[in-house]
Amino acid sequence: MAQVSTSQALLEKIVSLAKRRGFIFQSSEIYGGLNGCWDYGPLGVELLRNLKEAWWRAMTKRGDVEGLDAAILMHPRVWEASGHVQNFSDPMVDCRACKSRYRVDHLFNEMSEKRLRAISKAANIESAISRTLVMQSRDLSKDELGEMITAMVEKNGTLFADLVKQELIPCPNCGRAGTLTEPRNFNLMFETYIGPVKEAANAVYLRPETAQGIFVNFLNVMQASRQKIPFGICQIGKSFRNEINTKNFLFRTREFEQMEMQFFCKRGTDEPLFEAWRETRWNWWRNLGMPESKLRFKPHEKLAHYAKAAGDIEFLFPFGYGEIEGIHNRTDFDLSRHQEFSGKSLQVHDEETKEKYTPYVVETAAGASRGFMAFLCNGYDEETVEGEQRVVLRLHPFLAPIKAAVLPLVNKDGMPELAQQLERDLRTSMKSFYDDSGAIGRRYRRMDEVGTPFAVTIDSDTLQDQTVTIRERDSMQQVRLPIGQVKEYITEKIAPPV
RNA sequence: GCGGGAGUAACUCAGUUGGUAGAGUCACAGCCUUCCAAGCUGUUGGUCGCGGGUUCGAGUCCCGUCUCCCGCUCCA
């Protein structure tokens, strides 16, 4: 329990710092906030952009991954093909007595055959079932019976309530009958309308993932870029999910940003490629400063309908482990479905066998917003220096919003002027910050708190011999070097990780 | 959606049995200051989340609502 409250306090400190120093603000705060939406402030947007830039470089510098930026709005049929229309809207019911919540299909899946038979009788759906029996000329299994009832319930709005009233569907948790509410639909996709007229025929969705924009452009990109299988397409962009519950600051939000890459390959090469990408992505997080001790790879036990293998890279947040990137072997599911729904071929020609085939896909789907929060949590540190507490954000220099602070040791003897001149010069190639307010120690600490890796100080020696000190954030160690070498020195240290 | 906790200055929080709001930090201006949150002076900033109600009078009591955190549920 002590651990829980400590970690909660930690998250609160991070949220507080994020707001005070301009990383994250709550959306529409002056109107009371908007649930599950957050705004990136001046420093936040720098960190986020640096994170996305690190990812983009890592992907596109390979030569076998092309970039893409697809529209957020897509043809509604895309989401039928992807399975989101069906799978993203689950009817759910609550137990009024014990407050448990269930998905309707789960309810019937886990019910005894005897009870399922009783329900099918009571609900007068035997005729429908017998029609199916005649059509297929065989008995329905228990699972099929459950699916049949689920389908009937979804079609007939009052059927479920009737069954509950007849005490045929008890709550699996508390066992009481007649306590379940009517099914309510939870559609996790945001809906909007194309054109000014709000009618069902014009409905489109805000994408719940960026991946589909890649799949539908697969042939366009391959032909335009003259890539050959195997190759990948990567994309960074906002996605939207109408989550029932938002949670944990930036971790579960309704609007979030993804960094996704789909790697198209031939069937049979998918498994080693899955392993290779898993390692590549793991190393990417490590190279940006994530310690091994706070990362883990967790294979999925239950696979989604599209996946052959799947797992998450998880980061140890203050509230526990949470996914920051999913790596999936999506097989040829998505391309096959889009071929089926669009009627257009998405096959490629195999030079060797002279056959056409639908490529397999290995997906890496990282959360930009989640990664942002992970780096914030990982970097946050408190330590005691000579009896005083120091808060320091240990961000990788490439991620740090501000790269260098330039400080006159005191505000006289021309130090401010020299410092301003240096800062103006640095500013042309990196985000820098000039500060002459307060004592030098206070200014160092201010910069520590937002993760600025270098602080350049102009002192009286500078006036004599044109040298300055550069203080490194984590060690607080200083080196002295000629003012003319500062830019080169820092530029080298803030280079992107390999 | 249910249960619990919380919303007062940019941040962290006081605010008595109801009498129209304070502290520290931060920020800003100035003084001071020659390397790790020193000190002094001054200043900005709040219709107490929002909306009703009770009352002569509500930060305080009542109702509703929004947001955040925790748990349950959910998370193709």
Side-chain angles (χ1 to χ4, degrees), chain A residues 1 4-5 7-9 11-13 15-22 25-38 41 79 82-90 92-103 106 173 181 184 186-189 208-209 211 241-249 251-252 300 302-307 310 318-320 322-323 326 328 330 333 385-392 407-413 415 436-449 455-463 468-469 471 473 476-478 480:
Chain A
M1 275 299 116
V4 170
S5 63
S7 61
Q8 197 176 328
L11 187 60
E12 278 166 17
K13 279 183 189 171
V15 172
S16 168
L17 171 68
K19 180 178 180 191
R20 187 164 42 83
R21 298 307 307 269
F25 307 124
Q26 194 185 4
S27 168
S28 317
E29 190 187 20
I30 62 171
Y31 287 98
L34 184 65
N35 184 288
C37 296
W38 302 88
W79 307 110
S82 70
H84 285 85
V85 169
Q86 195 184 1
N87 293 311
F88 249 40
S89 64
D90 301 314
M92 315 243 279
V93 295
D94 296 305
C95 173
R96 292 193 184 91
C98 71
K99 309 298 180 195
S100 302
R101 168 173 290 175
Y102 310 96
R103 268 169 60 172
H106 288 178
N173 181 44
T181 62
R184 274 173 293 199
F186 289 78
N187 192 337
L188 296 191
M189 280 197 291
E209 64 176 22
R241 294 185 188 183
N242 211 347
E243 299 285 354
I244 297 168
N245 274 337
T246 57
K247 215 173 154 83
N248 291 327
F249 195 33
F251 187 75
R252 173 154 299 136
H300 285 193
K302 263 176 67 180
L303 293 177
H305 59 276
Y306 56 75
F319 55 82
E323 177 195 351
H328 298 175
R330 296 185 76 128
F333 175 84
V385 178
E386 291 169 19
E388 296 282 352
Q389 196 192 46
R390 179 171 90 118
V391 173
V392 53
L407 321 168
L409 186 59
V410 288
N411 287 321
K412 58 183 182 189
D413 301 339
M415 291 182 203
D436 63 9
S437 164
I440 190 72
R442 173 176 294 277
R443 285 177 272 161
Y444 284 145
R445 299 299 170 83
R446 272 203 286 255
M447 284 294 114
D448 290 340
E449 196 177 48
V456 184
T457 303
I458 308 295
D459 58 18
S460 52
D461 287 357
T462 314
L463 307 173
V468 297
T469 59
R471 177 241 194 209
R473 175 195 67 203
M476 297 185 285
Q477 297 293 307
Q478 291 180 316
R480 181 171 281 279

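Proteins get letters first, then strands, A, B, ... in listed order; numbering begins at 1 in each.
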*Taking only residues two or more places apart in sequence or in another chain, which ones pass side-chain hydrogen bond (donor to acceptor under 3.5 Å, both in side chains) with Asp436(A)?*
Tyr434(A)
*Gln26(A), nearest nucleotide to its side chain (from C69(B), C70(B), C68(B))*: C68(B)
*Send over the distance from Trp79(A) CH2 to A76(B) C1', rounded to a whole Å.*
12 Å
*Which residues pass the side-chain hydrogen bond (donor to acceptor under 3.5 Å, both in side chains) test with Lys13(A), sequence neighbours left out?*
Glu382(A)
*What residues form a side-chain hydrogen bond (donor to acceptor under 3.5 Å, both in side chains) with Arg390(A), not counting sequence neighbours?*
Glu383(A), Asp448(A)
*Using the C1' atoms only, state how far G53(B) lies from A58(B), rounded to an integer number of Å.*
11 Å
_In this structure, how many angstroms lie between the C1' atom of A6(B) and the CG atom of Leu11(A), rounded?_
14 Å
*Quick one: is Lys247(A) getting a side-chain N or O under 4.0 Å of the G71(B) phosphate, OP1 or OP2?*
yes
_Touch class at under 4.0 angstrom, heavy-atom based, for Gly36(A) against every strand present_ = sugar-phosphate
*Could you run down nucleotides 30-51 of chain B 5' to 3' and tag each one B, S or - for protein heavy-atom contact under 4.0 Å?*
---BBBBBS-------------
*Partner set under side-chain contact (heavy atoms from CB on, under 4.5 Å) for Thr246(A), not counting sequence neighbours*: Asn35(A), Arg254(A)
*asked:* Rounded to whole Å, please give me the gap between CZ in Arg21(A) and C1' in A27(B).
replied: 11 Å
*asked:* Run through RNA chain B and report every stem of 3 or more consecutive Watson-Crick or G-U pairs, distances under 3.5 Å, ordered by first number.
replied: B:1-7 with B:66-72, B:10-13 with B:22-25, B:27-31 with B:39-43, B:49-53 with B:61-65
*Distance between the C1' atoms of A21(B) and C13(B), in whole angstroms?*
14 Å
*asked:* Any non-hydrogen side-chain atom of Arg443(A) less than 4.5 Å from a side-chain atom of Ile440(A)?
replied: yes
*asked:* Donor-acceptor check, side chain of Arg473(A) to backbone of Met447(A), threshold 3.5 angstrom: yes or no?
replied: no
*asked:* In whole Å, measure the gap between the C1' atoms of G51(B) and U43(B) for me.
replied: 35 Å
_Set of residues satisfying ring pair (Phe, Tyr, Trp, His ring centres under 6.0 Å) with respect to Phe251(A), sequence neighbours excluded_ = Phe317(A), Phe319(A)
_Closest-nucleotide mapping onto RNA chain B: is Ser437(A) or Asn35(A) further toward the 5' terminus? I mean the 5' end._
Ser437(A)
*Distance between C1' atoms of U17(B) and C61(B) (Å, rounded)*: 12 Å
*asked:* Once you apply a heavy-atom cut-off of 4.0 Å, does Tyr31(A) come out as touching a base, just sugar-phosphate, or nothing?
replied: nothing
*Can you tell me, in whole Å, how much space there is between the P of G15(B) and that of G59(B)?*
16 Å
*What's the CG-P distance between Asn248(A) and C72(B), to the nearest Å?*
11 Å
*Rounded to the nearest angstrom, tell me the gap between atom CZ in Phe319(A) and atom C1' in C68(B).*
15 Å
*Ignoring hydrogens and geometry, is there a side-chain-to-backbone donor-acceptor pair from Arg241(A) to Glu209(A) under 3.5 Å?*
no
*For nucleotides G45(B) and C28(B), find the distance between their C1' atoms and express it as a whole number of Å.*
11 Å
_Without decimals, in angstroms, what is the distance between Glu29(A) CD and C68(B) C1'?_
11 Å
*Distance between the C1' atoms of C26(B) and G46(B), in whole angstroms?*
16 Å
*Excluding sequence neighbours, so at least two apart, what forms side-chain hydrogen bond (donor to acceptor under 3.5 Å, both in side chains) with Arg442(A)?*
none
_Protein-nucleotide distance (Leu34(A), atom CG; C66(B), atom P), rounded to Å_ = 12 Å
*By ring pair (Phe, Tyr, Trp, His ring centres under 6.0 Å), which residues pair with Phe249(A), not counting sequence neighbours?*
Trp38(A)
*asked:* Rounding to an integer number of angstrom, what distance separates U60(B) and A14(B) when you compare their C1' atoms?
replied: 14 Å
